[in-house]
Protein chains: 2
Amino acid sequence: MVTLADVARHAGVSASTVSYVLSGKRSISGPTRERIQHSIDTLGYRPHAGARALASSRTDILALMMPLRTGLYVPVMMEIAMAVTTTARTHGYDVLLLTGEEGPEAVRRVEGSAVADAMIVMDVGLDDPRIPCLQAAQRPAVLIGLPAETAEAADSTGLDCVDLDFEAAGARCVDHLAALGHTRVAVLGEPPAVYERGTGFAARTLTGLRAAAAAHGVGLLHRPVDGTYAAVAAAVTRVFEERPGTTALVVQNEAAVEPLLALLRHQGRAVPEDVSVVAICPDQVAVHASVPLTAVSVPAQEMGRRAVERLVERLAGQAPRGTELIAPRLTARASTGPAAPALPTEDRHGRDGR
Amino acid sequence: MVTLADVARHAGVSASTVSYVLSGKRSISGPTRERIQHSIDTLGYRPHAGARALASSRTDILALMMPLRTGLYVPVMMEIAMAVTTTARTHGYDVLLLTGEEGPEAVRRVEGSAVADAMIVMDVGLDDPRIPCLQAAQRPAVLIGLPAETAEAADSTGLDCVDLDFEAAGARCVDHLAALGHTRVAVLGEPPAVYERGTGFAARTLTGLRAAAAAHGVGLLHRPVDGTYAAVAAAVTRVFEERPGTTALVVQNEAAVEPLLALLRHQGRAVPEDVSVVAICPDQVAVHASVPLTAVSVPAQEMGRRAVERLVERLAGQAPRGTELIAPRLTARASTGPAAPALPTEDRHGRDGR
DNA sequence: TTGAAAGCGCTAACAG
DNA sequence: CTGTTAGCGCTTTCAA
């Protein structure tokens with residue numbers, strides 16, 4: 001193994017000089033720096049991560065706590081994880097992947113054993129047992145998601161948060177539909193488990209949806225659904241029975257998107273002529289759906305990237321702690337159109353829905 | 001920060017004794033060990049990862065290289081990743097997540113900077129640039145997947161591999177269908193990009209499918225498809241035009257599963273009465289599909305687990321290097337049945353396919 | 001602009 | 001069964 005001492009010897013300088021050309025923490029004369037750089041290259045030197053961590057008490061590692069609980073849409077998690085690792089690398093950090101199963105213990109381990117310089121925590125619930133540990137920890141942490149139902153409450157926890165502004169996202173959906181003349185809207189939400197767990201984003205979306213509905217005089221129905229065909233079918237059927245005049249749907253449940261479109265097609269309800277659909281989902285899902293969906297995109301990449309950037313800022317100097325909400329962006333595609341009266345019943349079956 | 005020296009002082013012993021109760025590498029008297037353990041607990045001591053890595057040249061970290069290339073089904077990757085981290089933890093290892101984008105450079109970094117003790121490499125292609133680095137590396141590595149089209153060729157690379165026996169998996173599908181009397185089978189495969197990249201598993205599956213088809217006198221058609229409704233519709237339509245007598249489909253493409261079922265329903269082809277469907281996919285996909293699918297399961301968890309276990313064995317002592325193929329398991333569900341003659345054409349549209 | 005030297009916290013001979 | 005001690009490879013004062 002090539003050590004810093006080897007490089008120093010090869011270049012005819014002291015170890016500290018080599019260390020300083022690597023860190024750039026003091027000025028080195030041109031010739032010396034070149035000679036050293038040359039030695040580094042020819043010897044193929046790489047600093048030993050452990051030794052560096054011990055001497056500098058920095059690991060250049062970020063921990064990513066990613067629980068995979070029921071009802072979560074895996075591809076979004078993955079997209080965030082990838083954005084995190086990619087962004088981390090551009091800042092010279094590696095990413096340690098921790099599953100949620102270890103819970104608070106993982107937080108203590110990272111802290112106590114100095115395994116990572118900072119942590120990113122995903123899927124935080126209201127009464128998440130990791131939160132106290134995080135607050136007690138010396139290392140910076142940023143949550144992806146809010147541990148509370150409002151941004152103000154989140155700020156009061158003293159934690160650092162990054163998330164989509166789901167409240168505004170919900171409002172944008174209703175705004176869009178109201179502008180098209182829809183007055184009766186149904187919401188197909190996340191699976192019940194997600195709401196029960198107290199994961200803030202679902203509740204915040206609902207708040208935004210309801211506020212906008214009230215403002216526009218729109219009637220709103222909300223049904224949590226599991227992402228299966230059967231569950232979607234049951235919910236949608238019930239919605240149209242209870243409110244036959246429903247002309248628009250908002251879906252916040254990636255797994256339910258395709259089942260929903262298949263069902264509407266099967267029922268002979270054309271999208272968007274008979275019913276408009278707005279989704280809250282990643283752009284990729286919206287674009288590749290069997291009907292390109294008007295949607296507020298969940299900016300998974302941006303969330304992962306921002307989380308890392310904030311952590312890097314905090315590690316560098318005194319970045320302010322607080323909650324950062326990403327403004328929602330609604331893109332109109334083929335799934336929404338002007339409100340139309342409900343179809344006559346006899347025309348509703350056996351139609352070609354494509 | 002609490003150090004080993006602090007614990008030693010508190011317990012009235014030397015540092016090495018504390019170190020040895022932690023590692024268990026030499027016998028300690030009952031009373032002493034208890035006194036030390038007590039000090040550890042009351043002081044809340046945790047060994048410093050960096051210091052330990054420096055002194056022992058072991059990091060207790062496994063690197064996981066997980067490229068996310070086009071055409072890959074994300075949930076499977078994620079399931080493997082989770083199995084890897086979970087299994088790793090039970091053996092005392094943490095997992096460093098590396099994206100494929102860094103390619104061979106990441107391998108060199110792990111190696112040179114002693115960032116991890118070993119690596120797990122996913123989605124390996126035939127001419128993967130990481131392979132030479134891996135072979136040159138001093139640290140053990142295991143690939144999830146084969147870097148070649150046959151297990152023998154993979155073994156000759158001197159690398160350690162874990163994978164599903166896709167060749168046998170393909171054969172099992174045809175065996176099952178042949179036993180039900182099907183003689184004309186079509187295969188909907190992975191996206192073209194996957195085949196072009198030389199990812200071995202798709203080719204190996206095809207080999208197995210063809211061999212079994214030849215053995216049973218079954219006619220086989222193979223079509224790579226992208227996981228979109230349009231692509232699936234085009235492929236299936238063509239299949240039935242070219243081979244009207246086709247009574248069974250094999251799908252090896254998770255993203256195509258639901259589009260396929262929706263399409264068949266829409267075309268009025270009942271599953272399994274008119275057409276049988278066998279999938280090669282994770283159990284979860286098969287079980288939750290709108291028609292529960294007869295399938296050879298892709299044992300994502302087992303693959304991740306075995307990869308870690310082999311690495312741990314290799315790190316411990318002299319475990320043999322080689323290729324480990326997991327035997328496929330086919331589970332019969334609701335999507336396959338006896339072969340039936342093709343439907344009369346006039347009866348094929350507007351039916352309720354559910 | 002460079003060097004010398006003292007650790008960082010832990011492990012593992014070596015000695016008793 | 002336990003203690004002493006010499007590093008592991010790097011960073012960072014302190015001196016020049």
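Chain A is the first sequence line, chain B the second, and so forth, proteins listed ahead of strands; every chain is numbered from 1.
- Listed for the A:Asp117 side chain is a donor-acceptor partner under 3.5 Å among the backbone atoms of A:Thr59.
- Taking the salt bridge (charged side-chain N to carboxylate O under 4.0 Å, His left out) definition, one finds that B:Arg306 meets it with B:Glu309, B:Glu324, sequence neighbours left out.
- Chain B approaches DNA chain C within less than 4.0 angstrom (heavy atoms of the protein), and the contacting nucleotides run 5' to 3' from C:dG9 to C:dC14.
- The closest donor-acceptor contact from the side chain of A:Asp41 to the backbone of A:His38 lies at 3.5 Å or more, if one exists at all.
- Taking the salt bridge (charged side-chain N to carboxylate O under 4.0 Å, His left out) definition, one finds that A:Glu101 meets it with nothing, sequence neighbours left out.
- Nearest approach of A:Asp163 to A:Leu146, heavy atoms of both residues: OD2-N, 3.5 Å.
- Of the possible donor and acceptor atoms, none in the side chain of B:Thr157 sits under 3.5 Å from a partner among the backbone N and O of B:Ala153.
- The backbone N or O of B:Arg46 sits nowhere less than 3.5 Å from a side-chain atom of A:Arg109 that would complete a donor-acceptor pair.
- In this structure, B:Arg33 and A:Ser56 both approach DNA chain D, and ranking their closest nucleotides by distance from the 5' end singles out B:Arg33.
- Scanning both residues, A:Val107 and A:Met65, for their nearest heavy atoms gives CG2-SD, 3.8 Å.
- Smallest separation of non-hydrogen atoms from B:Ser16 and B:Arg26: OG-NH2, 4.0 Å.
- The main-chain N or O of B:Ala83 is never found under 3.5 Å from a side-chain atom of B:Arg305 such that the two would form a donor-acceptor pair.
- In the 5' to 3' direction, nucleotides of DNA chain D lying under 4.0 Å from heavy atoms of chain A begin and end at D:dG9 to D:dC14.
- Within a heavy-atom distance below 4.0 Å of DNA chain D, the residues of residues 9-24 of chain A found are A:Ser16, A:Ser19, A:Tyr20.
- Shown for residues 38-54 of chain B: residues whose heavy atoms fall under 4.0 angstrom of DNA chain D, namely B:Leu54.
- For A:Ser113 (side chain) and A:Val110 (main-chain N/O), no donor-acceptor pair under 3.5 Å exists by modelled atom type.
- Between B:Arg35 and B:Gly12 the shortest heavy-atom distance is NH1-O, 4.3 Å.
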